[in-house]
Amino acid sequence: MTEHQNGKELSRRFMDRIGRREREPAAARPPHPSVTTTRVEGDDLQTSHAAGPDLCQDEVDKALGFAERDSQRLAIIEYDHPTPDQILHLASEWELHPLLVEDLLKAGQRPKLERYREVLFVVTRLATYLDAQEDVEVTEFHVLSRHNAVVIIRQGRTREPIESFGEITHSPRLLQFGTEGILYSFLDLAVDGYMRVLRGVEVDREQIERQVFDGDPSVTERIYRLNREIIDLQQAAGPLREVLSDLHGGFSKYRTQEELQTYLQDVDDHLARVNTRIDDLRSGMNQILDVNSILVTQQQNEDMKKISGWAAVVVGPTLIGSIYGMNFDVMPELHWRFGYVYSLVLMVVVAAVIWLFFKRKKWM
């Protein structure tokens, strides 16, 4: 396997792990926050994992010390569901701005890019589509880059810890670009994840279209649910355009290498296609909802026609029966020997005539 193929396989495995959020019982969740560090020096890559507050802090200190001792080294630190104490420990080591610390302690933020002196802070969201539940699950990540160290924090409470961030690179060649290469590769993986989600959503949309025209009464709820998931994906992918735009704007100021600029442009192109497909999906789902509403209204009209027609059929016999049910002594055919049979026949004839009339009108 070539170096490029190996990098693609590592990227795929990494995306599968960090994007997959299957519905498992709470007991399967990691009991304690964990930290995984990757130390890169030349072609040598070492990965370590620690769980528990004290061990996590020691592991982070070792990784940061490793990076600080040589500018040619690269340290990647993964926080999986960190505690506030872990965030505050990192803030103390890097002397982070109070506003940045506040953002790190709070999840539920839109994708964005901010710079605090030498620290680059990026918020992004990775998405996975669970086809069985028709649910888009979004995981929020905070990425911090400083000199030759990258910190990636996964917020929220998903089920499965992510693997070493040594697997994050789209191609091993990007490691030579340092922290920017790691960041751009991470954004690329996020956009690739959106593509996979879109493929799953588009399959479900085609199934919904068939359900609509088959007259399935349960399809309305499915339309609304899928619309909601598309909105979740749009909220993850849409603001990422601003992040990429801000990175483009800093090319000259931060002297970004030309190959990395080309790489980010490719990521931007993919994201533009993602957003276009999301817009098309939302428009298509709205059209499906309109068509479904029209079909439901037509079916209701047909039902009302049938109800009205049968009500009219019953009116004739009811009228005859009510007339001969009056307690008068002098009435035509009241004491006639065949009066009972005559009234029944008359009821049937009147009902049949009315039924034939509505049948010709296609109400029955």
Side-chain angles (χ1 to χ4, degrees), residues 1-19 38 40 74 76 110-115 120-129 136 138-145 148 150 152 162-163 165-202 233-281:
M1 182 179 292
T2 66
E3 182 181 77
H4 179 71
Q5 291 172 330
N6 183 59
K8 291 285 285 184
E9 177 63 18
L10 289 176
S11 294
R12 185 191 63 77
R13 287 167 51 199
F14 174 79
M15 194 64 183
D16 288 343
R17 287 177 173 85
I18 61 179
T38 302
V40 182
L74 177 63
I76 308 169
R110 289 168 55 87
K112 64 179 181 179
L113 181 147
E114 295 176 345
R115 294 184 186 271
L120 175 65
F121 173 55
V122 175
V123 177
T124 187
R125 296 175 179 176
L126 275 65
T128 301
Y129 189 64
V136 176
V138 178
T139 309
E140 181 179 334
F141 282 82
H142 295 173
V143 184
L144 294 94
S145 170
N148 55 332
V150 178
I152 305 181
I162 40 184
E163 295 293 319
F165 277 97
E167 297 184 9
I168 194 173
T169 52
H170 186 72
S171 167
R173 294 184 300 104
L174 289 176
L175 288 174
Q176 68 181 330
F177 297 112
T179 57
E180 285 186 313
I182 298 298
L183 173 60
Y184 291 4
S185 182
F186 188 86
L187 295 174
D188 185 36
L189 288 172
V191 174
D192 286 346
Y194 301 153
M195 289 284 195
R196 282 192 287 273
V197 171
L198 282 171
R199 286 194 288 271
V201 172
E202 287 169 347
L233 181 61
Q234 187 176 46
Q235 291 176 343
L240 197 59
R241 290 299 302 273
E242 298 179 10
V243 173
L244 297 183
S245 178
D246 290 341
L247 288 172
H248 277 293
F251 282 165
S252 299
K253 182 177 180 179
Y254 298 99
R255 299 178 181 178
T256 303
Q257 298 186 45
E258 185 175 349
E259 186 172 351
L260 273 179
Q261 294 183 29
T262 303
Y263 187 79
L264 188 64
Q265 182 60 53
D266 183 64
V267 176
D268 197 10
D269 292 341
H270 291 171
L271 183 60
R273 289 200 291 271
V274 166
N275 285 318
T276 299
R277 288 173 64 179
I278 291 174
D279 291 338
D280 292 342
L281 265 175

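Model, not experiment: these values are computed from the prediction.
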* To do: With sequence neighbours excluded, tell me which residues meet salt bridge (Lys or Arg N to Asp or Glu O under 4.0 Å) with E202.
  => R277
* **Straight-line distance of I76 CD1 to N148 CG, nearest 0.5 Å** => 11.0 Å
* Asked: Can you tell me how far the CG atom of L189 sits from the CZ atom of F141, to the nearest 0.5 Å?
  -> 10.0 Å
* **V267 side chain reached by Y184 side chain, heavy atoms, under 4.5 Å** => no
* Structure fact -> Distance col, row H270:NE2 vs M195:CE, nearest 0.5 angstrom, shows 6.0 Å
* Asked: After noting the C-alpha distance and the side-chain angles of V143 and I182, does the key distance pass the side-chain contact (heavy atoms from CB on, under 4.5 Å) rule?
  -> CA-CA 10 Å; V143 184; I182 298 298; over 6 Å; no
* Structure fact -> The side chain to side chain contact (heavy atoms under 4.5 Å, CB included) partner of L120 among L183, L144, D246 is L183
* Is the closest side-chain heavy-atom distance between L187 and V191 below 4.5 Å? -> no
* Rounded to the nearest 0.5 Å, what separation is found between the CG atom of L113 and the CG atom of L244? -> 9.5 Å
* Only pairs at least two apart or in different chains count here, so list each salt bridge (Lys or Arg N to Asp or Glu O under 4.0 Å) that has a residue in residues 264-273. => R241-D268
* Asked: Taking C-beta and beyond as the side chain, do F186 and L126 meet within less than 4.5 Å on heavy atoms?
  -> yes
* To do: Only counting residues at least two apart or in another chain, list the ones meeting side chain to side chain contact (heavy atoms under 4.5 Å, CB included) with A237.
  => Y194, L271, V274, N275, I278
* Structure fact -> With sequence neighbours left out, the residues meeting side chain to side chain donor-acceptor pair (under 3.5 Å) with D279 are Q234
* Side chains of E140 and V123 in contact at under 4.5 Å (non-hydrogen atoms) -> yes
* To do: Of all the heavy-atom pairs spanning A236 and P111, show the shortest one and how long it is.
  => O-CG, 3.5 Å
* Going from OG1 on T124 to CG on L240, what distance comes out if it is rounded to the nearest 0.5 angstrom? -> 4.5 Å
* **Spatial distance of atom CZ (R115) from atom OG (S145) [nearest 0.5 Å]** => 8.5 Å
* Asked: Among K112, R125, R110, which residue meets the side chain to side chain contact (heavy atoms under 4.5 Å, CB included) test with P239?
  -> R110
